[in-house]
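Numbered from 1 within each chain, the chains take letters A, B, ... in sequence-line order.
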Amino acid sequence: MPELPEVETIANGVNQRLSGDRIIDAWFSSYPQPFKTPRARQAKGLSGRTILSVHRTGKHIVCELGPPESSNASAAAASLKSAAQWIVHLGMTGRLLVTTPDDPIAPHTHARLSLASGRELRFVDPRRFGRLEFRELHRTPAFDAPGSEPLTIAENEFAALFRGRKLAIKAALLNQSLLAGVGNIYADESLFHARIRPRRAAGRLSRAELERLRQALLRVLQQAIRLGGSSVSDYVDANGVRGFFQLEHCVYLRTGEPCRLCGTPIRRILLAGRGTHFCPTCQK
DNA sequence: CATTTCACCTGGTGGC
DNA sequence: TGCCACCAGGTGAAAT
């Protein structure tokens, strides 16, 4: 489900609705997969903290949390307590939803945070590829995604990412330690708009092609954010609202359908283990 | 080190 | 209606 535009939409929605609210209690499912931090430590760490703000880094949602406020803590213990972060990665099918306590519990709900306002923040993830992590900032450094942000990267820095690399440009776009946040949809769509074939070796693209790609990626991501992301099957934001960028897709999941520019049927190949869609006429 | 492949999961779809 | 193969927004460990 979630690449940069979807994650940005969800993070913004949660930020607007939950900033200033306080976590009273946390419940986690018994499946171990989603928990990068053991769930007992996560539940204990989250309780009593105020949600200061929520933002996106790469494909991660980062909740900035204040120090815990508990009624029976001594002044000395409180002074040692520090700010913290709750980091949510949605994997393929993860959702973060703001609900009321009496909303029905969706199947595959793995986390429920009850809030001082009476609402709940829920994490739902059927395939369990998502990950939840808790960091106390006096013990662990603040979260930082390894790759560059595609929305702000400069021309020179972008070109340098791919220099000397033999792998396919599509595979390079998906590598999160190069660019953070690009996934299968926006890799295919940006390569189409840049008129570059996904199998081309990343290090063999000309300077002009790389700049076309950077600008295409930027425009595609910005427009997708404006439209609330792509809802391919069941993606919804924190308010349960679908995105509309799937209506703008030119190649992704359009195998056999005519290219919007030239009418040639869109082709699908397997690259880096992912379905890869392109126009054999428009992309060179 | 760079690159490729595969395992991790459930659910939806379409063919027979 | 059922069964089966295949496909799906991602990543990180293991193999090459």
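- As judged by a 4.0 angstrom heavy-atom cut-off over every strand, A:G183 is placed among residues touching the sugar-phosphate backbone only.
- For the residue pair A:Q42/A:W86, the side-chain donor-acceptor check at 3.5 Å is satisfied.
- We find that the ring of A:F129 and the base of C:dT11 do not stack by the test of centres under 5.5 angstrom and planes tilted less than 30°.
- With no hydrogens or angles considered, a side-chain donor-acceptor pair links A:S117 and A:D21 at under 3.5 Å.
- A donor-acceptor contact under 3.5 angstrom links the side-chain atoms of A:R127 to the base of B:dC9.
- For the pair A:R199 and A:I169, the minimum side-chain heavy-atom distance is 4.5 Å or more.
- Within the 4.0 angstrom heavy-atom criterion, no nucleotide atom of any strand lies near A:R131.
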Next item on the list: I would like to know whether A:E133 and A:R135 meet side chain to side chain contact (heavy atoms under 4.5 Å, CB included); could you show each step before the answer?
Entry: CA-CA 7 Å; A:E133 179 182 1; A:R135 289 192 183 201; 2.8 Å; yes
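- Within 4.0 Å (heavy atoms only), A:S231 reaches at least one base atom of the nucleic acid.
- Among the nucleotides C:dG10, B:dC8, B:dT3, the one closest to the side chain of A:Q33 is B:dC8.
- Here A:Y186 lies out of heavy-atom contact (under 4.0 Å) with every strand.
- If you take atom P in B:dG11 and the same atom in C:dG12, they sit 23 Å apart, rounded to whole Å.
- At the phosphate of B:dT3, neither OP1 nor OP2 sits under 4.0 Å from any side-chain N or O atom of A:K166.
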